[in-house]
Amino acid sequence: MSSNRLFNLKRPHQFFGLGFGLGLAPKAPGTFGTFAALPLIFTTMYFPLWLQIVFAVVISVFGIWACGKTADDLGVHDHPAIVWDEVAGYYITMIGAALSWQSLLVGFLLFRFFDIAKPGPIRILDRRLHGGLGIMADDILAGVFSLICVQALFKSGLLPF
């Protein structure tokens, strides 16, 4: 049976696991799925830093459940349509950033770089962990790496955001 027949956005875990449906994009679902973080970023951009961090933890822990359950439904460990990990990773990237189109673009590019290239410890997490935690962990770490880069660029004044 094709996994496409198993997609059901009426199931809450799949709705979120599939990034509000953006993960069903026929090409580059991870890239499209990353955009599903934008409403969350815009909604919380004026929250205090501590609350943005708490929110990142909540969406990450929730993602472990949603992605794991969606993977079970599809019978595939990390189906390309499962993109809540990208949502959490990009959200983490943008914690505490002064939002502008430049910061959103730089954060997006940095996150996608770390998510796709999977340098060092990101690759290790991707290979060693399984289930929902395995789906989420490498993107969470990619988000942390990207967050450090965005904040360093912001603090150095190299980019106007």
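The structure displayed is predicted, hence computed values, not measured ones.
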Without swapping roles, check the side chain of [X] against the backbone of [Y] for a donor-acceptor pair under 3.5 Å.
{"X": "E86", "Y": "G33", "answer": "no"}
{"X": "S146", "Y": "T93", "answer": "no"}
{"X": "Y90", "Y": "L104", "answer": "yes"}
{"X": "Q52", "Y": "F47", "answer": "yes"}

Any non-hydrogen side-chain atom of [X] less than 4.5 Å from a side-chain atom of [Y]?
{"X": "D126", "Y": "D139", "value": "no"}
{"X": "F32", "Y": "L24", "value": "no"}
{"X": "F154", "Y": "S103", "value": "no"}
{"X": "P29", "Y": "L22", "value": "no"}
{"X": "W84", "Y": "I59", "value": "yes"}

Using side-chain contact (heavy atoms from CB on, under 4.5 Å), reason through M94 and F111 one step at a time and then give a plain yes or no.
CA-CA 10 Å; M94 300 309 297; F111 172 69; over 6 Å; no
Could you check whether F20 and F15 have their ring centres less than 6.0 Å apart?
yes
Step through it carefully: locate the ring centre of F108, locate the ring centre of F35, and say whether they are under 6.0 Å apart.
yes
Could you give the distance from [atom1] ([X]) to [atom2] ([Y]), rounded to the nearest 0.5 Å?
{"X": "L141", "Y": "M136", "atom1": "CG", "atom2": "CE", "answer": "12.5 Å"}
{"X": "I122", "Y": "I140", "atom1": "CD1", "atom2": "CD1", "answer": "11.5 Å"}
{"X": "C67", "Y": "D72", "atom1": "SG", "atom2": "CG", "answer": "11.0 Å"}
{"X": "K118", "Y": "R127", "atom1": "NZ", "atom2": "CZ", "answer": "10.5 Å"}
{"X": "I64", "Y": "K69", "atom1": "CD1", "atom2": "NZ", "answer": "16.0 Å"}

Please tell me whether [X] and [Y] are part of a single hydrophobic cluster in this structure, the criterion being side-chain heavy atoms less than 4.5 Å apart.
{"X": "V57", "Y": "L40", "result": "no"}
{"X": "I148", "Y": "F113", "result": "yes"}
{"X": "L74", "Y": "V83", "result": "no"}
{"X": "L105", "Y": "I92", "result": "yes"}
{"X": "F114", "Y": "I116", "result": "no"}

How close do [X] and [Y] get, heavy atom to heavy atom, and via which atoms?
{"X": "I82", "Y": "D85", "result": "O-OD1, 3.2 Å"}
{"X": "Q14", "Y": "L9", "result": "O-CD2, 4.0 Å"}
{"X": "G19", "Y": "A36", "result": "O-CB, 3.6 Å"}
{"X": "H77", "Y": "A71", "result": "O-CB, 3.2 Å"}

Any chance CZ of F145 has more than 12 other-residue heavy atoms, nucleotides or ligands included, within less than 6.0 Å?
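Enclosed: over 12 neighbouring heavy atoms sit under 6.0 Å from CZ of F145.
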Output, in order, the C-alpha distance, side-chain angles, deciding distance and verdict of side-chain contact (heavy atoms from CB on, under 4.5 Å) for V87 and T34.
CA-CA 5 Å; V87 172; T34 303; over 6 Å; no
Begin from the C-alpha positions of H13 and D73 and carry the test side-chain contact (heavy atoms from CB on, under 4.5 Å) through to its verdict.
CA-CA 10 Å; H13 62 279; D73 287 354; 2.6 Å; yes
Donor-acceptor side-chain pairing of T44 and Y91 below 3.5 angstrom:
yes
D138/D115 under side-chain contact (heavy atoms from CB on, under 4.5 Å): CA gap, chis, key distance, verdict:
CA-CA 7 Å; D138 61 309; D115 184 31; 4.3 Å; yes
If the plane angle is over 60° it's perpendicular, under 30° parallel, otherwise tilted; pick one for F62 and W65.
tilted
